[in-house]
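Report on the following structure.
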2 protein chains.
Amino acid sequence: MDDAPKKKRPDLSAGEIAPIDRHESLGERAYTSLKDSLVRGALRPGMKLTVRSVAQALQVSTTPARDAITRLIGEGVLVNLGPKTVVVPELTLAALDEITEIRLALEGLAAEQAAAKVTPEDIQELERLQERINRGLDEARYTDVLDANKDFHFLIYRRSGMSRLVAIVESMWLQIGPAFNDLYPEFAQSRTGVSNHLFALRGLQDGDAAAVRAAIENDIRSGYRRLSSLIISRQEGVE
Amino acid sequence: MDDAPKKKRPDLSAGEIAPIDRHESLGERAYTSLKDSLVRGALRPGMKLTVRSVAQALQVSTTPARDAITRLIGEGVLVNLGPKTVVVPELTLAALDEITEIRLALEGLAAEQAAAKVTPEDIQELERLQERINRGLDEARYTDVLDANKDFHFLIYRRSGMSRLVAIVESMWLQIGPAFNDLYPEFAQSRTGVSNHLFALRGLQDGDAAAVRAAIENDIRSGYRRLSSLIISRQEGVE
DNA sequence: ATCGTCATTTTGTTGCATCAAATTTCAAAT
DNA sequence: ATTTGAAATTTGATGCAACAAAATGACGAT
């Protein structure tokens, strides 16, 4: 980036190698932009992407655009319907079933691990995020709800210290995100998630790993029930 | 590929869309080749890769080589030590701990699901694979042991029908594979894994999901104990 | 032997032209 | 209106040159 400040040499003084402080390549930025579009619902299930259209939209050349698309295909977030046809996949019930099982296993594990590691500051931040969720629901601003909900969950998951797990979970969220966004207003009326979040917060305050895990699992199952019934009714409408 | 047969049009007559019959791109082949090199131990922890050296080794241009490297970085199998330094990472104890927790969660789940789905033919194939493992141990042919062991586990995991989970597990195996290969002859003397495999086979024959899961989890824990003690002793030697 | 500086070399990233394969469009036939 | 076949267009993949940034190596000073 031509106006980026000169990078500082990595600080090794802590005796532990610090994260690399470096420019983000155009390919990485394209990848991040596409992920954000998927999560926000700007790219909806069924939509087709091409290297050239993404390049044009992001104002880059085909190489970084293709980097990003290739990476998302590798993650299962985008799929090939033909050798030259890349789309955002529709979420099937089978896919949702599998993704939910994986999420229960991994998000549950992360929640347990996090219970021993969150700080009082973390809990305060989670409370603030829950307030944002509540206000978003009150004001029917579903984008805010989704953003704050994700921030809530991932603050917890990151505290597990399991960066690989967090990356896997993020990929799972990305695979349901477009469908979730597509369907969201239909089931946002329910506030079941709010109570699960409050149970999770309680468990974190108490350092009760099993309770945090149970709350997160219930939250996942609750979301699953709603999404799956909508997928079923959506499929019945189509057939 | 210039000598590939002309592709048949997808058969839609079954009322279900068939898998796409298509060429594999050079980038995908490069990715597969690199994965294979990592699993086989041809790429060892600490080794540095560059786009140009991979391109030369695989006799392709930089674009598919870079495709493959980028994808493996995205999966955590290769890492950047600097903006222009890509390496096969050393396996740390912390990384092994995390990967093992993820494996327990996901491979355990896959084992449970597979218990209801394997066929008598599958069980026969698993028995054959176990014989290959035994012969490999007898004859100190550790490459055969590793190959057959992987085939054994992944035959089970694929029967879960959870393709996303299988892909994640494969990525976890790839992250420990180079270190595993590096360390393998030192701990191949133990045959603990053999009994775990036999328990898994027994459970599959009985349709006992909990028993299959327990056997797979024990196998993972047993491997973890050996790897971790070797990592610790390796680190002590270095320090 | 170690450190700092500077020169040299190497690196990942990017843009873009090209190509064969795939997809889409269009017109004619039914 | 639909189907079919051919033409036109678009596509992903690839090779490669160029570039700025990073890494490496050489050399002198300590």
Side-chain angles (χ1 to χ4, degrees), chain A residues 1-13 17-34 46-74 78-88, chain B residues 1-10 12 17-34 46-74 78-88:
Chain A
M1 193 64 74
D2 48 13
D3 59 342
K6 190 176 180 347
K7 283 175 292 153
K8 200 155 61 82
R9 188 193 288 267
D11 173 24
L12 304 176
S13 60
I17 299 193
I20 294 159
D21 181 15
R22 66 181 175 88
H23 288 315
E24 187 177 53
S25 64
L26 287 178
E28 285 166 356
R29 291 173 63 188
Y31 171 72
T32 302
S33 288
L34 282 182
M47 265 183 163
K48 178 173 151 176
L49 285 80
T50 69
V51 171
R52 288 170 177 82
S53 64
V54 168
Q56 186 170 23
L58 299 179
Q59 292 291 294
V60 293
S61 85
T62 55
T63 307
R66 178 167 178 273
D67 277 355
I69 291 173
T70 300
R71 207 168 145 186
L72 289 166
I73 291 174
L78 298 176
V79 300
N80 282 103
L81 288 191
K84 291 181 189 292
T85 310
V86 179
V87 299
V88 184
Chain B
M1 191 67 74
D2 49 12
D3 59 341
K6 187 176 185 338
K7 281 174 292 151
K8 202 155 64 82
R9 188 192 289 265
L12 306 177
I17 299 193
I20 294 160
D21 179 15
R22 63 183 179 91
H23 289 315
E24 185 179 52
S25 64
L26 289 178
E28 286 165 355
R29 291 174 63 187
Y31 171 73
T32 302
S33 288
L34 283 182
M47 267 184 163
K48 177 174 152 176
L49 284 81
T50 69
V51 170
R52 288 171 177 82
S53 66
V54 169
Q56 186 170 21
L58 299 179
Q59 291 291 293
V60 294
S61 84
T62 54
T63 307
R66 178 165 177 275
D67 276 354
I69 291 175
T70 299
R71 203 168 150 186
L72 289 166
I73 290 174
L78 297 176
V79 300
N80 281 104
L81 287 192
K84 291 182 189 292
T85 310
V86 179
V87 299
V88 183

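Just so we're on the same page: letters track the sequence lines, and every chain starts at 1.
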Please name all residues satisfying side chain to side chain contact (heavy atoms under 4.5 Å, CB included) with B/T63, sequence neighbours left out, ordered by chain then number. A/R66, B/S61
Calculate the interatomic distance between [X] atom [atom1] and [N] atom [atom2]; express it in whole Å.
{"X": "B/R29", "N": "D/dA13", "atom1": "CZ", "atom2": "C1'", "value": "13 Å"}
{"X": "A/Q56", "N": "D/dT11", "atom1": "CD", "atom2": "P", "value": "10 Å"}
{"X": "B/L81", "N": "C/dT11", "atom1": "CG", "atom2": "P", "value": "15 Å"}
{"X": "B/L78", "N": "C/dG12", "atom1": "CG", "atom2": "P", "value": "12 Å"}

Looking only at atom types and distance, does a side-chain atom of A/T85 sit under 3.5 Å from a main-chain N or O of A/L81, one as donor and one as acceptor?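 It does not hold such a pair.
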Quick one: does any side-chain atom of A/Q56 pair with a main-chain N or O of A/S53 as donor and acceptor, under 3.5 Å? no
Kindly write out the residues that satisfy side chain to side chain donor-acceptor pair (under 3.5 Å) with B/S33, not counting sequence neighbours, or none if the list is empty. none
Scoring nucleotides 14-20 of chain C by protein non-hydrogen atoms under 4.0 Å (B base, S sugar-phosphate only, - none) yields BBB-B-B
Under a 4.5 Å cut-off applied to non-hydrogen side-chain atoms, are A/T62 and A/R52 in contact? yes
Counting only side-chain heavy atoms from C-beta out, which of C/dT23, D/dG12, D/dA23 sits nearest to A/V51?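 Of the candidates, D/dG12 comes closest.
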5'-most contact on DNA chain D: A/K48 or B/T85, nearest heavy atom basis? A/K48
So A/L49, base contact, sugar-phosphate only, or nothing? Heavy-atom distance under 4.0 Å. sugar-phosphate
How close do A/I69 and A/V86 get, counting heavy atoms only, and between which atoms? CG2-CG1, 4.1 Å
